[in-house]
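Please read the structure below before turning to the comments.
Quick note on labels: first sequence line is chain A, next is B, and so on, each numbered from 1. Note: hydrogens, waters and symmetry copies are ignored here, and every other heavy atom, side chains too, is used. A quick note: this is a predicted structure, and the numbers were derived from the prediction, not measured.
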Amino acid sequence: FKGTKEIDADLLDKLEEALITSDVGAGTTEWLLNLVREALDKEELKDPKAVWGLLKDEIRHALSIKASPYDFSSDKPFVIMVVGVNGAGKTTTIGKLASQFSQDGYKIVLAAADTFRAAAVNQLEIWGRRTNSEVVKPAKEGADPSSVVFDAVKTAKETGADIVIADTAGRLHTQAPLMEELKKINRVLGKAHDTAPHEILLVLDATNGQNALQQVKEFGDALDISGIALTKLDGTAKGGVIIGICHEYKIPVRYIGIGEAKDSLRQFDVEDFVDALFV
Amino acid sequence: TLQKGFSKARQRLRGEVEIDESVIDASLRDIRLSLLEADVDLKLTRSFLDRVKEKALGEVIQISAKSKSGKRVRISAADAFVKICQDELTAMMGPVNTELEMASGNVPTGVMMVGLNGVGKTTTTGKLANLLKKKGHKPLLCAADIYRPAAIEQLQVLAGRLDVPVYADFNSKDAVGICKAAMTEARIRNCDIVLFDTAGRQTVDDTLMTELQDIKAAVKPKNIFLVADAMIGQDAVITAREFHQRLTLSGVVLTKLDGDARGGAAISIKEATGAPIKFLGMGEGMDKLEEFRPDGLASRILG
Ligand SMILES: Nc1nc2c(ncn2[C@@H]2O[C@H](COP(=O)(O)OP(=O)(O)OP(=O)(O)O)[C@@H](O)[C@H]2O)c(=O)[nH]1
Ligand SMILES: Nc1nc2c(ncn2[C@@H]2O[C@H](COP(=O)(O)OP(=O)(O)OP(=O)(O)O)[C@@H](O)[C@H]2O)c(=O)[nH]1
Ligand SMILES: [Mg+2]
Ligand SMILES: [Mg+2]
């Protein structure tokens, strides 16, 4: 169907509204709609259903980034450094990961390297108890986070732990000294264990709008972000900004958070995500 | 690209001697892009552009009429257009109303902080206590988040730093009971304000949303503030509306404005609920709370 010009315009408006209201963003929406427009001009699409189908295919394609699963067997301990802006869900996600990995039989050390925020260490300690994970704490208040992560890797090597997960303080990517602090933590992890960190996980809040793109850019400039965890997808926000992020930066979404409890972590599933996007 | 929309519109109009509808339409498209990139609600963006177009066309007719009559044109069409956008946006965010509503009689004034997970409620509770203490009040903090690990400790640490009393009960799983007890504690200690720090929650969680309604019914706070993260996207209106329908918000605090989020949610939330933006969170420190002023936020959103 080339339909009438009017039907096409109307349909494109509907597509645009669905995308924008899901936080896909104007730029990524325009890119997706242009793909649809090209297909319509070439008369490749039979009906509106085919149009929606093409849109979903393109989104699926953008989100499907090849990523090798974590290899916990060689070169222990496997070190995951968790970073992201304030309140995104880093500490909780670490608790969930620890819960998952310990159920899978792995021995875990958590590095409480948020030495800044009130009761941050207490918060991670509670997650440590819930998940049977050892928590390495700062030697004193306001300690250098780098020393905490160094101690944690050292402890893991001494105790034969399989995995180290390092919690860092929330920070805005606009704070240059704090981004430098992350780079230092990264370097120190490499000193403690020469292949570490094996994963730098950026935690993004699904409620965020277009600022998430800035977060990925700036954290990505400072560090080799190798994975994303998208939290709070149990709410009303759709997290559509992740489409443009994956399209541009090609960083795999490893996990999604769907609640506050320790079992509310899921491996990212492209199909599920795209289905939920247009509900 | 984030900053281009508005300045591009300005550029487009600057070179024009004769401004007509097609030039305005092109400029409006630039503004639309800018507003969406700033996370302004889609529906609101549409109605904003309609209002601006209506005013702009009216203005342009006036300007060209003036110049035809031989009088000096005092303001270029570009400047007129820019002013219309800024004025319209500023109007949508005001009027400025940063006062707390105080309880009458000898009852402590309640201020209830509510919002999604991780937006900055606990931190803002501390900041607000700091601000109120400096104004001569005697605030008491109430640790009503019984779910998040170390939430009570977090508030206690802030209270300690600010030297304000905090009511907490580690053994209680009843947020309503804790809030009632805090009111009693405030009376005993002669505190005139109680700041209730509630747990973060999602609006789809009926149990938790009902808990907020139960707290409100029990302690009848004069002030219920929605704390919202400046980075919030198109979900702002949905979330704000649900909190507003359940609780009737007295105001909004927008946090993390020390970042580079454009903060379009500010207008979306105000427009959707009518609740005035009272304060802005500008950092993690207890002194990083400002009283809201619309003009700074308007140009930040327009970009
Ligand atoms: N509903 C929901 N809440 C979540 C999810 N992930 C985290 N949270 C909540 O978000 C809030 C903030 O989580 P934290 O883990 O403290 O976030 P953070 O990034 O460590 O915060 P900072 O260290 O202060 O920067 C808490 O209330 C968590 O329970 C999720 O997937 N769904
Ligand atoms: N940069 C910046 N960080 C802020 C601001 N307000 C709060 N934060 C930080 O945001 C994170 C979350 O703050 P909290 O006060 O724990 O948020 P919350 O809403 O109480 O979180 P939950 O109780 O888990 O829902 C912390 O790291 C705070 O320091 C702000 O205005 N600017
Ligand atoms: Mg944390
Ligand atoms: Mg809190």
query = Hey, is NZ on B:Lys270 packed in by over 12 heavy atoms from elsewhere, all under 6.0 Å?
reply = yes
query = In terms of heavy-atom proximity below 4.5 Å to chain A, should B:Asp41 be classed as side chain, backbone, both, or neither?
reply = neither
request  = Side chain from CB out, backbone as N, CA, C, O: work out which of these in A:Val85 comes under 4.5 Å of a heavy atom of chain B, or both, or neither.
outcome  = side chain
inquiry  = Within the structure provided, determine whether B:Thr123 and A:Arg117 are in side-chain contact (heavy-atom separation under 4.5 Å).
reply    = no
key: Heavy-atom side-chain proximity of A:Asp234 to B:Val204 below 4.5 angstrom   = no
key: Ion pair B:Arg29/A:Glu30, N-O distance below 4.0 Å   = no
Residue pair A:Asn86 / B:Glu284, side-chain heavy-atom distance below 4.5 Å = yes
key: More than 12 heavy atoms of other groups within 6.0 Å of A:Lys184 NZ   = no
query = What distance separates A:Gln175 CD from B:Asp258 CG, expressed to the nearest 0.5 Å?
reply = 6.0 Å
request  = For residues A:Ile126 and B:Ala150, report the shortest heavy-atom separation together with the two atoms involved.
outcome  = CD1-N, 3.5 Å
request  = Of all the heavy-atom pairs spanning A:Thr174 and B:Gly259, show the shortest one and how long it is.
outcome  = OG1-CA, 3.7 Å
Minimum heavy-atom distance A:Asp23-B:Asp235, with the two atoms named = OD2-N, 4.4 Å
ask   = Does the side chain of B:Arg201 come within less than 4.5 Å of A:Glu260's, by heavy atoms?
value = no
ask   = Looking at A:Leu124, A:Asn208, A:Asn122, which has the largest count of heavy-atom pairs under 4.5 Å with chain B?
value = A:Asn208
query = Using non-hydrogen atoms only, which part of B:Leu36 is less than 4.5 Å away from chain A: side chain, backbone, both, or neither?
reply = both
Residue-level contacts of residues 160-173 of chain B with chain A, using a heavy-atom cutoff under 4.5 Å = B:Arg161
query = Just wondering, do B:Asp229 and A:Thr207 contact through their side chains at under 4.5 Å, heavy atoms?
reply = no
inquiry  = At a heavy-atom distance under 4.5 Å, which candidate from B:Glu242, B:Gln156, B:Met231 has the highest pair count against chain A?
reply    = B:Met231
note = If one checks every heavy atom of A:Gln215 against chain B at 4.5 Å, the contacting part turns out to be side chain
task = Apply salt bridge (charged side-chain N to carboxylate O under 4.0 Å, His left out) to A:Glu16 and B:Arg46, showing your working.
result = CA-CA 13 Å; A:Glu16 187 191 45; B:Arg46 284 182 190 141; 5.3 Å; no
inquiry  = Could you go through A:Gln123 and B:Arg148, starting from their C-alpha distance and side-chain angles, then the distance that decides it, and tell me whether this counts as side chain to side chain contact (heavy atoms under 4.5 Å, CB included)?
reply    = CA-CA 8 Å; A:Gln123 187 184 4; B:Arg148 169 175 156 153; 3.5 Å; yes
key: Donor-acceptor under 3.5 Å (B:Asp39 side chain, A:Gln210 main chain)   = yes
request  = Take atom NZ of B:Lys43 as the centre, draw a 6.0 Å sphere, and report whether it contains more than 12 heavy atoms from other residues, nucleotides or ligands.
outcome  = no
Max heavy-atom pair count under 4.5 Å with chain B, selected residue of A:Gly95, A:Ala206, A:Gly259, A:Gly209 = A:Gly209
query = Is the count of non-hydrogen atoms from other residues, nucleotides or ligands lying under 6.0 Å from A:Asp275 atom CG greater than 12?
reply = yes
inquiry  = At a 4.5 Å cut-off on heavy atoms, which part of B:Gln202 comes close to chain A: side chain, backbone, both, or neither?
reply    = side chain
query = Between B:Asn117, B:Val157, B:Ile152, which residue shows the highest count of heavy-atom pairs closer than 4.5 Å to chain A?
reply = B:Asn117
